[in-house]
Amino acid sequence: MTAAAHVQTGAKKTFDLGNAVELVSKEEGHRQPLAPEFVSLEDFSPLEVAYDFGRIRREDIEAGPRSIWRYKQLLPVPSNVEEHPNTEPGCTRLVRADRLAKALGVKRIWVKDDTGNPTHSFKDRVVAVALAAAREFGFKVLACPSTGNLANAVAAAAARAGWDSVVLVPSTLERAKILMSAVYDGSLLAVDGNYDDVNRLATELAAEHEDWAFVNVNVRPYYSEGSKTLAFEVAEQLGWRIPEQIVVPIASGSQLTKVDKGFRELAQVGLVEESPVRIFGAQATGCSPVASAFKQDHDVVQPVRPDTIARSLAIGAPADGPYVLDVVRRTGGAIEDVTDEEVIEGIQLLARTEGIFAETAGGVTVATAKKLIEAGKIDPDQETVLLITGDGLKTLDAVQDRVGPKATVAPSTDAVNAALGL
C-alpha cells in the first residue's frame, strides 16, 4: 500500500504525509507511527522516516514545480504541499567548475551552489519540509536553535506562512545573520553561550511548549529529510545519474547522511541506475569532532568546544556524528578538517575561479577538497561534486581584512593606468 495518508493508531488521527508510512529507529529498527517525535523510546536512538514509495517516474518529477516540491513523492509532506504559502526553495544551479578543477589538478568538478535559495542557504530546504509536516501535526509556532542559516530560514518561512516564530541563536553569531533573522520580525533571542548551550535550551522549551514546532528537535525526522533534495537535484541535473564523489560540510552531520539516503532512494525507486558514490566530510579544525573520530578509527564522537570562524558548522556535539562515520566508511570516503586560514583561502579560491562567493562553510568544503586531493584520497580522474551551502554575504567578517580595493585613485585615466601599472 502506498500511503497518501497514514493513520495514527494511538492518537486516532489521520495525517497526510505523502508516501511516508512510519518512523524507524536508526539503531535497532524499531517502528512506530508517524508523530512529532525524534527519539525512539525502545532504543533511545534517533528516528527517521520510512516510506512506501510506489511507482515514481522521471517525467512526473520533470513536469513538477521548479522547487523541491517536484520531489514531493520522496518527502514526508502533504500531497498538496505546494498549495500552502512557503518559500519554494530548491532547484539551485549545478555549476561545471572547470577553472576550479584546473586549479586543483582534477578532471572535473561540479559545484552545487545553494546560495540561490530564498535566504541564501540550503536550510530553506529542510525548513520547508519541517513546516509542511508541522502544519499537518497541528503546530502553531515555528521555532529553532541555530548557528545562523537555520535562523534565517525559519524566520522567513514563518513570515511567509503567517506563523509566529521563536528563534534562538548564540549571542556571538555573525552580525549579518542576526540582522537577516531579525528583519522578518519574529521573536529572535540571542543566548549567552555556544550552539550546544542554545540547543539544550531549545530541547527544554520544546517540552514546555507543546504547540511550538522546533524544526530540528521535535520535528527533526521530517526536517532532516529536506537535505535529500540536494542529492535528488544533483542526480537530475547530471542527467539522472549519481556522481562518483561528493564533498559535504559537517555540522550536526544530518546533511551528509541524508545526501547518502537520497542517492540510495533514487536507485531504490529506479530513477537512477545504482552506482557507487564516495562521500567525503569536511570540518573546520576548530570544531572537528567527527574528523578526529574518523582519523582515530573511533566509533564514538567526543564533544568539543568550538573555536572557528566557520560558525555555521560550529556544533561541538554533532547528533549524527556516528552515522556520518558509518556512511563515510561504507562508501570508501574520508573526513578531513582545515584551519581557519585554509577556510579563507578556500573562499577566495572558489570566488576567483568560478565567481561564486561562499560563506565560511563553503570555504571549509573547498579547502577540504583541496586537502583530500593533495593527499590522494579524492581520485582526480573521477567526477566530484562540492556542496556550497551558504552565501558569503552572511560571513563578510571572515574576508574583510583580506580583500578590498587594489588602490584609491583620482578620477583620471592617468591615475587608473598608473595604479594598474599600464
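With hydrogens and angles disregarded, a donor-acceptor distance shorter than 3.5 Å links the side chain of Y222 to the backbone of A35. No side-chain donor-acceptor contact under 3.5 Å links R278 to the backbone of T331. At least one donor-acceptor pair under 3.5 Å links the side chain of T147 to the backbone N or O of S312. Here the side chain of T308 pairs no donor or acceptor atom with the backbone of G286 at under 3.5 angstrom. No donor-acceptor pair closer than 3.5 Å links the side chain of K72 to the backbone N or O of P78. Counting only distance, with no hydrogens or angles, the side chain of S165 and the backbone of A143 share no donor-acceptor pair below 3.5 Å. Side-chain N or O atoms of N199 include none that pairs as donor or acceptor with a backbone N or O of Y195 at under 3.5 Å.
Counting heavy atoms of neighbouring residues, nucleotides and ligands inside a 6.0 Å radius, atom CZ of R66 does not exceed 12 of them. For E273, the CD atom counts as loosely surrounded, since its 6.0 Å shell holds 12 or fewer non-hydrogen atoms of other residues, nucleotides or ligands. Within 6.0 Å of NZ on K177 lie more than 12 heavy atoms contributed by other residues, nucleotides or ligands. In this structure, R402 places its CZ atom where more than 12 heavy-atom neighbours from other residues, nucleotides or ligands lie under 6.0 Å away. Residue-environment remark: CZ (R305) stays at or below the threshold of 12 foreign heavy atoms within 6.0 Å. Atom NZ of K377 is surrounded by 12 or fewer heavy atoms from other residues, nucleotides or ligands within 6.0 Å. Within 6.0 Å of atom CD in E210, 12 or fewer heavy atoms from other residues, nucleotides or ligands are found, so the atom counts as exposed in its surroundings. Atom CG of D307 has 12 or fewer heavy atoms from other residues, nucleotides or ligands within 6.0 Å.
Using a 4.5 Å heavy-atom threshold, the side chains of T257 and E48 count as separate. With contacts defined as side-chain heavy-atom distances shorter than 4.5 Å, the pair I61/L271 qualifies. Side-chain contact check for L266 versus L74: some heavy-atom pair is nearer than 4.5 Å. A heavy-atom distance below 4.5 Å is found between the side chains of S121 and K394. S146 is listed as a side-chain neighbour of V169, based on a closest heavy-atom distance under 4.5 Å. In this structure the side chain of F357 reaches within 4.5 angstrom of the side chain of I347, judged on heavy atoms. In this structure, C287 and L313 have side chains that are not in contact, with every pair of non-hydrogen atoms separated by 4.5 Å or more. Side-chain contact between D196 and I315 is present, with at least one heavy-atom pair separated by less than 4.5 Å.
Considering every non-hydrogen atom in both V364 and A284, the closest pair reads CG1-N, 4.0 Å. Nearest heavy atoms, I309 versus D340: N-OD2, 3.2 Å. Scanning both residues, P289 and P318, for their nearest heavy atoms gives CG-CD, 3.8 Å. Closest approach of I388 and A358 over heavy atoms only: CG2-CB, 3.5 Å. Between G226 and V129, the shortest heavy-atom distance links the atoms CA-CG2, 3.8 Å. Among all heavy-atom pairs drawn from Q245 and T384, the shortest one is NE2-OG1, 2.8 Å.
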K123 and N152: CA distance, side-chain angles, deciding distance, side-chain hydrogen bond (donor to acceptor under 3.5 Å, both in side chains) verdict: CA-CA 8 Å; K123 290 294 188 180; N152 301 163; over 6 Å; no
From CA spacing to verdict: side-chain hydrogen bond (donor to acceptor under 3.5 Å, both in side chains), S25, E28: CA-CA 6 Å; S25 69; E28 298 177 7; over 6 Å; no
Just do the side chain to side chain contact (heavy atoms under 4.5 Å, CB included) check on L205 and L168 with the steps written out, would you? CA-CA 11 Å; L205 288 168; L168 310 173; 3.7 Å; yes
Report the C-alpha separation of H209 and V166 in whole Å, then their side-chain angles, then the decisive distance to 0.1 Å, and conclude whether the side chain to side chain contact (heavy atoms under 4.5 Å, CB included) test is met. CA-CA 11 Å; H209 299 276; V166 176; over 6 Å; no
Evaluate side chain to side chain contact (heavy atoms under 4.5 Å, CB included) for D379 paired with E244, printing each intermediate quantity in order. CA-CA 9 Å; D379 187 338; E244 295 168 301; over 6 Å; no
Where do D60 and Q73 land on the side-chain hydrogen bond (donor to acceptor under 3.5 Å, both in side chains) test, with the steps shown first? CA-CA 10 Å; D60 293 334; Q73 296 177 83; 4.9 Å; no
Set out, in order, the CA-CA distance, both residues' side-chain angles and the distance that settles side chain to side chain contact (heavy atoms under 4.5 Å, CB included) for L17 and V77, then state yes or no. CA-CA 4 Å; L17 290 174; V77 297; 5.6 Å; no
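Distance CG/N194 to CG/L173: 12.0 Å, rounded to 0.5 Å. Separation of atoms OG1 (T229) and CZ (F122) is listed at 9.5 Å; rounding is to 0.5 Å. Considering OG1 of T360 and CG of D397, their distance stands at 8.0 Å, rounded to 0.5 Å. Atom CD1 of I378 and atom CD1 of I246 lie 11.0 Å apart (nearest 0.5 Å). To the nearest 0.5 angstrom, K228 atom NZ is 3.5 Å from E265 atom CD. In this structure, the separation between CE on M180 and CG on L188 is 13.0 Å, given to the nearest 0.5 Å.
Screening residues 286-296 for side-chain hydrogen bond (donor to acceptor under 3.5 Å, both in side chains), with sequence neighbours left out, gives K295-E336, K295-D337, Q296-H298. Note on residues 102-116: pairs passing side-chain hydrogen bond (donor to acceptor under 3.5 Å, both in side chains), not counting sequence neighbours, are T92-K112, T92-D114, R93-D113, W110-E383, K112-E233, K112-Q237, D113-T115, D114-N117, D114-R125.
Remark: R70 engages E236 in a salt bridge, criterion side-chain N to carboxylate O under 4.0 Å. At a threshold of 4.0 Å, the pair D16-R135 does not count as salt-bridged, since none of the basic side-chain nitrogens sits closer than that to a carboxylate oxygen. Here E374 pairs with K370 in a salt bridge; the nearest charged N to carboxylate O distance falls below 4.0 Å.
A side-chain donor-acceptor contact under 3.5 Å links S45 and D43. In this structure, a donor-acceptor pair under 3.5 Å is absent between the side chains of E82 and S67.
Between Y71 and F232, the ring-plane angle classifies as tilted under the 30° and 60° cut-offs. Classification of the Y51-F53 ring pair by plane angle, with boundaries at 30° and 60°, yields parallel.
With sequence neighbours excluded, the residues that form a side chain to side chain contact (heavy atoms under 4.5 Å, CB included) with S254 are R220, S224, S252, K258, D320.
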